[in-house]
Amino acid sequence: MQALANDIDAALTENGNILELRSSRESSQQIVSTTDLLRPDNALLAEVVADRRALFVVTPTVNALYGAQLKRYIESALEQPGSELLVLDVTEAKKDLNGVDVVVTRATQMGLDRESPIVAIGGGVCLDIVGVSAALFRRGVPNIKVPTTLVGLIDAGVGTKNAVNFGGKKNLLGTFSSPEASLLDSKFLSTLPIRYIRAGAAEMFKMAIISDPHLFHILRAHSDEFQQSRFQAPRTAAAEAIKRSVVEILRELSLNLYERSKQRVLDFGHTFSPYIESESGFRVSHGEAVSIDMAISTEISYALGIVDEGVRRQILDALAGFSLPLSWSGIDAVEMYSSLRSIRQHRNGALHLVAPSALGHPVFLEDEDIDESLIKSCIENLAERKRAYS
Ligand SMILES: NC(=O)c1ccc[n+]([C@@H]2O[C@H](COP(=O)([O-])OP(=O)(O)OC[C@H]3O[C@@H](n4cnc5c(N)ncnc54)[C@H](O)[C@@H]3O)[C@@H](O)[C@H]2O)c1
Ligand SMILES: [Zn+2]
C-alpha cells in the first residue's frame, strides 16, 4: 500500500488497482445557555451570526409570540444588514420535503452564500426541517438552532440528527450534521402549552432513568412546580434539571454520534412507542407514548427479576406524578409484539429493548427474553395500576 496524499481532509492510498480515499470529518458545536436571547442588549445571537447575513426561520406560533421581538433584534442588533425572516407554516403532519423546499427556495432567493447560517427558532419540527435544509443547501451551510420547546432544549436542539418524514414514515430522510451552535434559553418555555412540557419531561425521565439518578430525584421532587411554572421555578432546580438532561444526552451521543452501534441507551422509551403513537392515530403524543413505553419496559424488567419492586415503584410513581400516562387502553399486545419487526430492521436485526436494572443502569433485552404473553401481562398490570391510581 502506498500513500499518495495525506492531508487534513482525507488520505489517499493505492493498493494494486484500488485507490482508496479515507476521510473523517471534524465537526464542532457550541452549546450556549442564556436568558432573554432576543432582548436587544443580549449580544449572544449577534455574536454567533457575526458578520454574516442569516436566514431566520420560525413557525407561525413562535412568530405570533416572539416575531416582533425577533424582527427588532434582526434590524437593530445584527452586524450585517440583509438578514431575512421566514415564517414556515409547518406541523408534525407537514414535517416533510415541502418544508425543506420552502426554506431552500428562500435561501436561494436571498442569495445566501456558503458561509451564511440558517437559524431555526422553534420546536423540534422547525429545527428538523431547517437542519435538513441547511445540510442540503449548497451541500451544507452553517445551521444555528434555537429551541423554544422542552423537547427542543434537551433533545432536538442539541443533537446532530435532522430528519423529515417521507412516504408516511417518520424521520425517514435526514442527515447527521452538527449545528454550528445551539443557543438554549429556557425562558421560551414560559409560553409553551402544558402538554408539550410533559412531552419534554418524558424525554428528561428517559435520561434520568437510564443514566442520571440525581436528575430523577430533581424531577420527582419538583414535579408539581416544574409543571405549573413550565420549568421557570424553582429556578435553580429547573436550570439544573435542564442542564443535566442536556449533558446526559450529549454524553450518550458523543459515544455514538453516528449511531454505528445500534445498541443505544437513548432508545429507552422508543421501542413500543412508535406502535402506540400510530395505533392511536397520533392522539397519544410522542412524549406520552414514550412514557407508556418506559412503563412497559420497566414492568418487563420487573417481571424478569431484573429490577426490584422499590425502583419499579419509584419509576412508575414519578411518571404518574408528572401527569404522564403508564398505559393506553388501545394497545393490542399481539399487534404491538408484531410491530417490533420494524424496530429490529432499524437496529440491525436485533431487538435491543432498553430497560432499567436500577436507576442509572440500563440493560438490553433481546428476543429470547420476551414474548407476547409477557408483554400482555405487563400491560394488564399497568392498566390495573392505573385503575388503582384513579
Ligand atoms: N432531530 C432530533 O434529534 C430530534 C430529537 C427529538 C425530537 N425530534 C423531532 O421533534 C419533533 C417534536 O418537537 P416538539 O416536541 O418540539 O414539537 P413541535 O415542534 O411540534 O412544537 C410543539 C408546538 O409548540 C409550538 N411552540 C414552539 N415553541 C413554543 C413556545 N415557546 N411557546 C408556545 N408554543 C410553542 C409549536 O408551534 C408547536 O405547535 C418531532 O418531529 C420529532 O421527530 C427530533
Ligand atoms: Zn423521543
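By convention here, the first residue in the shown sequence is residue 1. Counting starts at 1 for both ligands and their atoms, following the listed order.
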Quiz prompt | same_hphob_cluster(Ile242, Leu127) at 4.5 Å side-chain heavy-atom cutoff | solution = no
Exercise. Report the nearest protein non-hydrogen atom to atom 35 (C) of ligand 1: residue, atom name, distance rounded to 0.1 Å.
Key: Leu192 CD1, 3.5 Å
Quiz item: Is any heavy atom of the protein nearer than 4.0 Å to atom 11 (C) of ligand 1?
Solution: yes
Self-check item: Proximity flag Gly123 to ligand 1, non-hydrogen atoms under 4.0 Å
Solution: yes
Self-check item: Every N, O or S from the protein that is nearer than 2.8 Å to the Zn ion (ligand 2)
Solution: Glu203 OE2, His270 NE2, His286 NE2
Quiz prompt | NZ/NE/NH1/NH2 to OD/OE distance under 4.0 Å, Glu309 and Arg312 | solution = yes
Practice problem: Classify the ring geometry between Phe231 and Phe322 as parallel (under 30°), tilted (30 to 60°) or perpendicular (over 60°). | Solution: parallel
Self-check item: Thr59: numbered ligand 1 atoms lying under 4.0 Å from its heavy atoms
Solution: 37 (O)
Quiz item: Of all heavy-atom pairs between Phe272 and Leu353, which one has the smallest distance, and what is that distance?
Solution: CE1-CD1, 3.8 Å
Quiz item: Do the side chains of Arg344 and Asp367 get nearer than 4.5 Å, heavy atoms only?
Solution: yes
Quiz item: Does Leu65 reach ligand 1 with a nitrogen or oxygen that is under 3.5 Å from one of the ligand's nitrogen or oxygen atoms?
Solution: no
Quiz prompt | Val125 N/O under 3.5 Å from ligand 1 N/O | solution = yes
Self-check item: Identity and separation of the nearest protein heavy atom to atom 16 (O) of ligand 1
Solution: Thr149 OG1, 2.6 Å
Quiz item: If you measure every N/O of Val62 against every N/O of ligand 1, is any gap under 3.5 Å?
Solution: no
Practice problem: For ligand 1, find out whether one of its N or O atoms is nearer than 3.5 Å to an N or O atom of Tyr196. | Solution: no
Exercise. Provide the number and element of each atom of ligand 1 under 4.0 Å from a heavy atom of Glu92.
Key: 11 (C), 40 (C), 41 (O)
Exercise. Before accepting this row, confirm whether a basic side-chain N of the pair Glu248/Arg244 lies closer than 4.0 Å to the acidic partner's carboxylate O.
Key: no
Exercise. Output the list of atoms in ligand 1 that are nearer than 4.0 Å to some heavy atom of Lys170, sorted by atom number.
Key: 40 (C), 41 (O), 42 (C), 43 (O)
